[in-house]
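These notes are about the structure you will find just below.
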There are 2 protein chains.
Amino acid sequence: MKDVAEKAGVSRSAVSFVLNDRTSMGLSDETRDRVLAAAAELGYRPNAGARALAKKQSDWYGLVTEIVTAPFAVDIIKGAQDRARESDKYLLIASTESDPAAETAAIERLLEQRVEGLIYAATWHRAVVLPEIAREVPTVLVNCFDAEGRYPAIVPDERMGGRRATERLLAAGHRRIGLINLDPDIPAAVLRLSGYHEVLAEAGIPFDDELEVSGHATADGGYAAASTLLDLTEPPTAIFCANDRMAMGAYDAIKERGLRIPHDVAVVGFDNQELIARYLRPGLTTVALPFEQMGTRGVELLAAIIAGQSTATGTVTIDCPLLERASV
Amino acid sequence: MKDVAEKAGVSRSAVSFVLNDRTSMGLSDETRDRVLAAAAELGYRPNAGARALAKKQSDWYGLVTEIVTAPFAVDIIKGAQDRARESDKYLLIASTESDPAAETAAIERLLEQRVEGLIYAATWHRAVVLPEIAREVPTVLVNCFDAEGRYPAIVPDERMGGRRATERLLAAGHRRIGLINLDPDIPAAVLRLSGYHEVLAEAGIPFDDELEVSGHATADGGYAAASTLLDLTEPPTAIFCANDRMAMGAYDAIKERGLRIPHDVAVVGFDNQELIARYLRPGLTTVALPFEQMGTRGVELLAAIIAGQSTATGTVTIDCPLLERASV
DNA sequence: ATGAAAGCGCTAACAG
DNA sequence: CTGTTAGCGCTTTCAT
């Protein structure tokens, strides 16, 4: 930087002002250009670390997540990273594969890097408990929530997702709609189910317990559950699967019986796992989880909190859109 | 840090020595403990940025990749990150979704953070051309290579993978083995094919052009290609699909004809895309791409180069193991 | 508009 | 083993 100053024949302060776009300082355009030219010629590259030290502001947010465990994490990261870049912030990604000790250690390292705040992203929607240490900086939860509500959180609107799936099937004329649900203890199952119930109730369709089964969140689980439904005396003409992997198994069960999708049995999934939903034949109509958007919103919320513009501690809910393919 | 020194009744240098484990300086254990205790009590957390400034060493590696585009990237990241952590290095991940301009900008930002080196990871094995700017620091390629061989690279041993798949089928007694290959222009296709050829030749099985088809790298492509093979006058009893998505389509084609896997037709895939290979029914035996290991090795190689222990510019090849499931 | 000077939190060299 | 001193590369205040 000194070199740049000398080359441009100005003071170091001037260089600093130019490089930081401090137009308010009253710098002549001519000076400005000279500095820029000198910097370019010298291949000058500001040292972000030194700047952070001087400004007492790192421009970093820490993102902690189990990155590999689920394919979803990357979409959260993408959303967060894109948004962060727009604000000239950096994302320091720490991946902890669900090991609590590693998690604390990871956050510790992030704090040593003086991240301005933390985004904690889960790969499946659930309640989490963060290490105490996370309280040292503003923290936002993404795709998860704090049981005690001490942290603001961004979660998908699962109930609405359940509604959309059911409504779509209803709109296609179905009245007997089976549901293959996830483990009934998790938030996603509870909420998706309540969406399903709401819509049926609104349409005046009585619940039929036989039509609600739950299974292992795998293709095999979906296959077994779908088999149960299809072998009913009065089988459903449509099946809402609470995730795409189970839908994958359901496809097998349906095809095995010589039935066609969607002609004989319509299917709607949940998650929009590209690899499955797009490549299943026929393509799977499914409800998408808004990962990218949650990442974006997480960064925005964090930035607002850091800027003191938000003290909210509530939960923000993001819409789950229906993606139409060919299974309805 | 000054506070810690005062609290412990020692000099700041002493604190620095203790915190950096400079045992060589001859510090009494008693002093050491006092410092550590004071630090803990005060909740002192070293400022990594300040340290980096003083040491002129950031402890960061930059990892640039198209993170979202492919599900594979995360495994490379995991391998790299785990390995980096072991050496107390940080990974700064920059995701560029194949946009050359964004790529240069991303690298520029990494350089401003004074990363000690760069790891450039591709999501599919191919030749890449890096922005000139990457030459400013040691750079290692992962899952890709430089056409001009100017950067050291780590790539999967595709040929060996092709061999393993073919050998497995041979071992199961098959003599008519079909191949559904990828777009013949890409390295993966060329090498996997050559592995396949080698093994057949070694077994004294003459090539049959009819048995080698290529298709779109999708389930539909696999479906179409498998249909072609199965409708041959003398259809294969086993099919080697050059990726799992195509195997997914092949499954459909096989089942549609009332044939059973592996009883009537055996299938081997490539890529080990969990979501597909594991959930397909029956589970798909497939060749795995060693992403995690490539990430690990990338970091190791980079560290060696930075430490001046390696000046190699060649290409390192990593084994692709066969994962047995139930389709053979 | 500019230059001098202090300081960010830490490391490292050196003389005690 | 301690204390002093001089930076690391940059920002920012303040007087000019």
Side-chain angles (χ1 to χ4, degrees), chain A residues 1-36 38-39 42-60 88 90 108-116 136-137, chain B residues 1-36 38-39 42-60 88 90 108-116 136-137:
Chain A
M1 180 157 148
K2 197 178 62 184
D3 296 346
V4 174
E6 278 169 12
K7 177 132 197 162
V10 301
S11 69
R12 285 170 51 210
S13 332
V15 174
S16 174
F17 290 152
V18 170
L19 263 31
N20 287 295
D21 259 339
R22 286 208 174 291
T23 32
S24 57
M25 285 328 268
L27 13 64
S28 74
D29 280 6
E30 195 266 334
T31 305
R32 218 183 97 86
D33 292 349
R34 221 153 15 114
V35 171
L36 259 21
L42 261 35
Y44 170 76
R45 203 183 295 292
N47 181 322
R51 166 182 301 184
L53 227 206
K55 292 178 76 158
K56 294 163 146 302
Q57 180 189 326
S58 66
D59 286 334
W60 287 337
D88 281 310
Y90 255 96
E108 208 127 44
R109 296 189 72 192
L110 292 176
L111 292 175
E112 289 187 357
Q113 300 290 347
R114 295 297 186 269
V115 293
E116 298 176 14
E136 293 185 24
V137 292
Chain B
M1 180 157 147
K2 197 178 64 185
D3 296 346
V4 174
E6 278 169 11
K7 178 133 198 160
V10 300
S11 69
R12 284 170 52 214
S13 330
V15 174
S16 175
F17 290 151
V18 171
L19 264 30
N20 286 297
D21 259 339
R22 286 207 175 289
T23 34
S24 57
M25 284 330 264
L27 14 62
S28 75
D29 279 6
E30 196 265 334
T31 306
R32 216 183 97 87
D33 291 348
R34 221 153 17 114
V35 171
L36 257 21
L42 262 34
Y44 170 76
R45 204 184 294 292
N47 182 321
R51 167 183 300 186
L53 226 206
K55 292 178 74 159
K56 296 163 147 300
Q57 179 189 325
S58 66
D59 286 333
W60 284 343
D88 281 310
Y90 255 95
E108 207 126 45
R109 295 190 72 192
L110 292 177
L111 292 176
E112 289 187 358
Q113 299 291 347
R114 296 297 186 267
V115 293
E116 298 176 14
E136 292 186 24
V137 291

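Naming: A, B, ... by sequence-line order, numbering from 1 per chain.
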Checklist outcome for this item: In terms of heavy-atom contacts, A:P46 and B:R114 come closest through O-NH1, 3.3 Å

Item to check | Quiz item: B:S16 side-chain donor-acceptor pair to C:dA12 base, under 3.5 Å | outcome: no

Next on the checklist: Distance check needed: D:dT12 P versus A:L53 CG, whole Å only.
Outcome noted: 13 Å

Item to check | Whole-Å distance separating the CZ atom of B:R32 from the C1' atom of D:dT2 | outcome: 18 Å

Checklist entry - Looking at the side chain of A:P46, which of D:dC10, D:dT11, C:dT11 is the nearest nucleotide? => result D:dC10

Next on the checklist: Assuming nearest nucleotide by heavy-atom distance, tell me which of A:R12 and A:R34 is located more 5' along DNA chain C.
Outcome noted: A:R34

Next on the checklist: Expressed as a whole number of angstroms, how long is the span from B:F17:CZ to C:dC14:P?
Outcome noted: 12 Å

Item to check | Between C:dT11 (P) and B:L19 (CG): distance, integer Å | outcome: 7 Å

Checklist entry - Between B:E112 and A:R51, is the closest basic N to carboxylate O distance under 4.0 Å? => result no

Item to check | side chain to side chain contact (heavy atoms under 4.5 Å, CB included) assessment of A:L111 paired with A:V137 | outcome: CA-CA 8 Å; A:L111 292 175; A:V137 292; 3.7 Å; yes

Item to check | Rounded distance (Å) that lies between atom C1' of D:dT11 and atom CG of A:N47 | outcome: 13 Å

Next on the checklist: Counting only side-chain nitrogens and oxygens, does A:K56 get under 4.0 Å of the OP1 or OP2 atom of C:dG9?
Outcome noted: yes

Checklist entry - Roughly, in whole Å, what's the span from CG in B:D3 to P in C:dC10? => result 10 Å

Checklist outcome for this item: Of B:K55 and B:V10, the one whose closest nucleotide on DNA chain D sits nearer the 5' end is B:V10

Item to check | Under 3.5 Å donor-acceptor, B:Y44 side chain and B:D3 backbone | outcome: no

Item to check | Separation of C:dG9 C1' from A:Q57 CD (nearest whole Å) | outcome: 17 Å

Checklist entry - Rounded to whole angstrom units, what separation is found between the OH atom of A:Y44 and the C1' atom of D:dC10? => result 7 Å

